[in-house]
Amino acid sequence: MKAGIVGLPNVGKSTLFNCLSNAKAQSANFPFCTIEPNIGVVNVPDPRLLKLEELVNPERVLPATVEIVDIAGLVKGASKGEGLGNQFLGNIRETDAILHVLRCFDNDNIVHVDGSVDPIRDKETIDIELQLKDLETVEKKLDKVKRAAKTGNKDAQREEATLLLVKEGLEAGKSVRAIDIAEDDRKEFVHPLQFITDKPVLYVCNVDESAAATGNAYVEKVKEAVKDEHAEVLVLAVGTEADIAELDDYDERQMFLADIGLDEPGAAKLIRAAYKLLNQQTYFTAGVKEVRAWTVPIGATAPQAAGVIHTDFEKGFIRAEVMSYQDYVTYGSEAKVKEAGKMGIEGKEYIVKDGDIMHFRFNV
């Protein structure tokens, strides 16, 4: 699962990406590994892993990861190929969620492409380009669907009605995620077309150091502008985060954070927010060989969770032995959890909960 960082040029996207890459800002346990110059696999900071490590004392600890993609800055006309338009839109289509960086700070030394700081205008510039691209997609699809609908095909007629709603919404300047569409129709006809503006979005307000803890007037305008999108807004002083990431000493970093009124780096909050945005949750396996966080979609069943480890585990699934993280920490070991009668034996219908500690029994 990939989250793409988008925004206009010079709003702080690459600084943010580089800041995530310097993961000693979070802790030594969360390294960062770059696959390509603009794609990074970032470990998800999770204090539960540290507690499990303390209790189990395993040979190694492996956190959950999320892929972050640094996408080139978009300019007006991108939907028509301006700037790196086509490349930008191709890259963003391949991501599963969008981290939209908005400049919410004044600094005469950093030029804004449109000459002044206005995060709402910037947001609209990008929204319009993405909506125009989605409009192309829906119009192409409608041409095909209309022919089938004319023959009296009921499914085609339902699809046509749904796509017309999408087209009208886009023409009115709405993103697909904000258009009112029945959930069944959205799942069947909208999701398969991978509209760019249907992807979940997190707005990252890039502020200066003085606004890192409380935000500023620009941030309030962004919150007001996106209130109907069901989108989260995160305040981050990206330049300051980059300075924190440069510090090698953990205590120095904590002092720096305390000075600006933060209890942890904003980068850690951003990574967790991206993970949530991608509709992911964590379950753990805990043994002397390794303590490991595994990523599954929210709503995954026990066999699906087993399949993340190995497809054979899913095919030959018999049952899952499940403990909650809280019970494990309370009783201190798997044996004591069992003694207390808190170990659950679950079958194929079990829906995994965030923080479950699981062992799978399977037969292939």
Side-chain angles (χ1 to χ4, degrees), residues 2-8 69 71-102 114 118-150 155-204 221-233 277-279:
K2 283 194 271 197
I5 302 175
V6 307
L8 292 177
V69 187
I71 294 168
L74 177 143
V75 293
K76 276 181 190 163
S79 58
K80 302 291 177 221
E82 290 293 325
L84 289 169
N86 293 328
Q87 185 185 330
F88 172 96
L89 294 159
N91 288 342
I92 198 171
R93 201 181 286 286
E94 288 168 18
T95 64
D96 303 286
I98 295 170
L99 308 176
H100 188 157
V101 182
L102 295 167
D114 289 325
D118 183 347
I120 307 309
R121 177 200 60 212
D122 295 354
K123 173 190 173 313
E124 284 169 358
T125 297
I126 287 205
D127 283 350
I128 288 165
E129 294 305 324
L130 301 184
Q131 287 161 6
L132 286 169
K133 204 66 189 170
D134 280 348
L135 197 53
E136 269 181 38
T137 303
V138 77
E139 283 171 347
K140 275 183 198 164
K141 184 66 177 173
L142 263 170
D143 284 345
K144 292 176 185 170
V145 171
K146 278 178 175 170
R147 289 196 287 274
K150 278 178 184 164
D155 285 342
Q157 287 171 349
R158 211 177 107 220
E159 184 171 8
E160 182 186 24
T162 303
L163 295 179
L164 284 169
L165 277 178
V166 172
K167 183 172 182 282
E168 285 159 16
L170 287 166
E171 286 172 341
K174 281 186 179 180
S175 289
V176 175
R177 74 181 80 85
I179 299 169
D180 191 15
I181 298 166
E183 202 45 52
D184 286 353
D185 293 340
R186 186 177 282 276
K187 206 176 280 183
E188 193 172 344
F189 305 125
V190 178
H191 290 337
L193 294 176
Q194 293 183 296
F195 289 112
I196 299 172
T197 65
D198 194 30
K199 295 176 191 295
V201 65
L202 168 74
Y203 291 99
V204 181
K221 284 181 181 173
V222 171
K223 285 180 177 173
E224 179 61 26
V226 307
K227 66 176 194 283
D228 296 332
E229 287 190 45
H230 312 295
E232 196 179 335
V233 175
L277 194 65
L278 291 163
N279 201 38

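Just so we're clear, the structure is a prediction, and the values are computed from it rather than from any experiment. Numbering of residues begins at 1 and proceeds along the displayed sequence.
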Checklist entry - Would you call Asp118-Lys221 a salt bridge at under 4.0 Å N-O? => result no
Item to check | Worked verdict on Thr137 versus Arg93 for side chain to side chain contact (heavy atoms under 4.5 Å, CB included) | outcome: CA-CA 12 Å; Thr137 303; Arg93 201 181 286 286; 3.8 Å; yes
Checklist entry - So, for Asp155 and Phe189, which heavy atoms are closest and what is the spacing to 0.1 Å? => result O-CZ, 4.0 Å
Item to check | Given Glu159, Lys167, Glu160, the one that forms side chain to side chain contact (heavy atoms under 4.5 Å, CB included) with Leu163 | outcome: Glu159
Item to check | Contacts of type salt bridge (Lys or Arg N to Asp or Glu O under 4.0 Å), residue Asp185, not counting sequence neighbours | outcome: Arg158
Item to check | Nearest atoms (heavy-atom pairs only) where Pro119 meets Val222 | outcome: CB-CG2, 3.8 Å
Checklist entry - Which pair of non-hydrogen atoms, one from Ile120 and one from Ala225, has the smallest distance, and what is that distance? => result CD1-CB, 3.7 Å
Item to check | Sole candidate of Leu132, Ile128, Ile126 that passes side chain to side chain contact (heavy atoms under 4.5 Å, CB included) when paired with Leu130 | outcome: Ile126
Item to check | salt bridge (Lys or Arg N to Asp or Glu O under 4.0 Å) against Glu124, all qualifying residues, sequence neighbours excluded | outcome: none
Next on the checklist: Are Arg186 and Val176 packed together at the side-chain level, in the sense that at least one heavy-atom pair is separated by less than 4.5 angstrom?
Outcome noted: yes
Checklist entry - Is the closest basic N to carboxylate O distance between Lys187 and Glu183 below 4.0 Å? => result no
Next on the checklist: Quick check: closest heavy atoms across Ala231 and Val201, and the distance to 0.1 Å?
Outcome noted: CB-O, 3.5 Å
Next on the checklist: For the CG atom on Asp180, are there more than 12 heavy atoms of other groups (residues, nucleotides or ligands in this structure) within a distance under 6.0 Å?
Outcome noted: no
Checklist entry - Is the closest side-chain heavy-atom distance between Leu135 and Glu139 below 4.5 Å? => result yes
Checklist entry - Could you give the distance from CG (Leu278) to NZ (Lys199), rounded to the nearest 0.5 Å? => result 10.5 Å
Next on the checklist: Once rounded to the nearest 0.5 Å, what's the spacing between atom CD of Glu168 and atom CD1 of Ile179?
Outcome noted: 9.0 Å
Item to check | Nearest-0.5 Å distance, CG of residue Leu193 to CG of residue Asp198 | outcome: 9.5 Å
Next on the checklist: Nearest 0.5 Å, please: how far is CG in Asp96 from CG in Asn279?
Outcome noted: 10.5 Å
Checklist entry - Atom NZ of Lys174 and atom CG of Asp127: how far apart are they, to the nearest 0.5 Å? => result 13.5 Å
Next on the checklist: Treating Gln131 as the side-chain partner and Gly173 as the backbone partner, does any N or O pair qualify as donor plus acceptor under 3.5 Å?
Outcome noted: yes
Item to check | Minimum heavy-atom distance Ala156-Ala149, with the two atoms named | outcome: CB-N, 3.6 Å
Checklist entry - Rounded to the nearest 0.5 Å, what separation is found between the CD1 atom of Ile92 and the CD atom of Gln194? => result 12.5 Å
